[in-house]
Amino acid sequence: MKRACVIGWPVEHSRSPLIHGYWLERYGINGSYGRQPVAPADLPQFLRTLRDKGFAGCNVTLPHKEAAFAAAAETRPAARAAGAANTLWFEGGRLVADNTDSAGFMSSLHAACPSLQLAGATVAVLGAGGAARGIVLALIERGVCEVLLFNRTRARAEAVAAGVGARVKVHDWGARADRSRDAALLVNTTSLGMKGAGTLDMDVSALDPTCVVADIVYVPLETPLLAAARARGLATVDGLGMLLHQAVPGFEKWFGVRPEVTAELRALLQRDIEGA
Ligand SMILES: NC(=O)c1ccc[n+]([C@@H]2O[C@H](COP(=O)([O-])OP(=O)(O)OC[C@H]3O[C@@H](n4cnc5c(N)ncnc54)[C@H](OP(=O)(O)O)[C@@H]3O)[C@@H](O)[C@H]2O)c1
């Protein structure tokens with residue numbers, strides 16, 4: 001039986017078992033996917049013995065993403081860009097680390113808005129944390145003309161820009177509403193709007209009527225930002241799509257089937273989020 005898991009500290013909140021459990025059943029695979037609480041001090045030993053414990057690999061959640069990246073024998077470009085890993089597997093006995101978050105975001109965006117033209121577009125990104133770095137890079141790789149980057153702590157945004165290149169233009173956090181007028185896409189990558197976190201104060205009234213508004217926060221599914229955008233008639237993309245799509249590569253590596261993000265899977269997760 002093939003086995004995979006998600007490691008974190010704590011890890012009880014992780015919805016990954018729901019996603020991978022659905023796919024294991026759907027594809028009739030004799031496999032398992034569970035939660036493994038791993039204290040930070042135990043991580044090196046846990047990863048050294050991952051294969052001996054019978055795991056084909058694992059997902060990695062907080063606070064282990066950076067340490068898992070550092071512990072891997074091989075790293076993929078997206079993991080190097082983020083300096084963090086969320087997916088681990090073995091190749092030729094060597095532990096390989098990738099970060100599938102940004103690809104998950106791009107797949108989710110494409111699935112929700114297939115006609116959105118990114119090449120040559122101006123895009124606005126709110127936030128410069130761990131998730132933002134990969135998303136900014138992925139947008140640049142898709143050929144956007146410029147990324148307008150806004151973060152409360154400007155130095156953090158400058159660091160992202162320095163790592164990605166001149167097409168990233170850093171602006172003051174306070175200028176986000178005014179400067180985003182021409183954006184074809186606005187993405188919130190801050191934790192603001194998440195249940196229990198602060199409120200994202202973003203005036204969407206100046207956005208172009210064709211602007212797509214995406215949020216990577218998925219609890220609640222419709223964040224106040226998305227609700228405001230929808231009320232203005234703008235197209236919106238919620239964070240659940242990213243969560244589902246980022247899980248695809250790991251499942252394929254561990255269980256040998258490229259799984260599909262279906263409406264049924266989305267509804268399953270939606271019920272879980274709404275019941276939380
Ligand atoms: N949908 C998915 O699959 C998915 C995947 C990954 C992450 N996420 C979600 O994305 C969010 C960000 O994750 P992350 O890993 O990037 O977090 P992170 O590295 O901790 O970054 C947090 C970001 O939020 C900003 N922020 C926090 N509090 C703020 C406030 N009061 N005012 C203004 N800005 C504030 C931070 O700004 P400063 O730099 O100024 O502190 C930073 O830009 C989380 O809610 C996470 O759950 C979703």
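Counting starts at 1 for both ligands and their atoms, in listed order.
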Linking I/L/V/M/F/W/Y whenever any side-chain heavy atoms sit under 4.5 Å apart, do Leu50 and Val6 land together? no
Listing by chain and number, which residues have a heavy atom under 4.0 Å from ligand 1? Asp101, Gly127, Ala128, Gly129, Gly130, Ala131, Asn151, Arg152, Thr153, Arg156, Trp173, Thr189, Thr190, Ser191, Leu192, Met194, Ile216, Val217, Tyr218, Gly239, Met242, Leu243
Do Phe69 and Trp89 share a hydrophobic cluster, counting only Ile, Leu, Val, Met, Phe, Trp and Tyr and linking them when any side-chain heavy atoms are less than 4.5 Å apart? no
Residue His171 excluded, over 12 heavy atoms near NE2 under 6.0 Å: yes
When you look at Ser205 and Asp203, which way does the side-chain hydrogen bond (donor to acceptor under 3.5 Å, both in side chains) test go after all the steps? CA-CA 6 Å; Ser205 61; Asp203 180 2; 2.7 Å; yes
Supply the members, apart from Met194, of the Ile/Leu/Val/Met/Phe/Trp/Tyr cluster built from side-chain contacts under 4.5 Å; use none for a lone residue. Val217
Tell me whether the rings of Phe255 and Phe251 are parallel (<30°), tilted (30 to 60°) or perpendicular (>60°). tilted
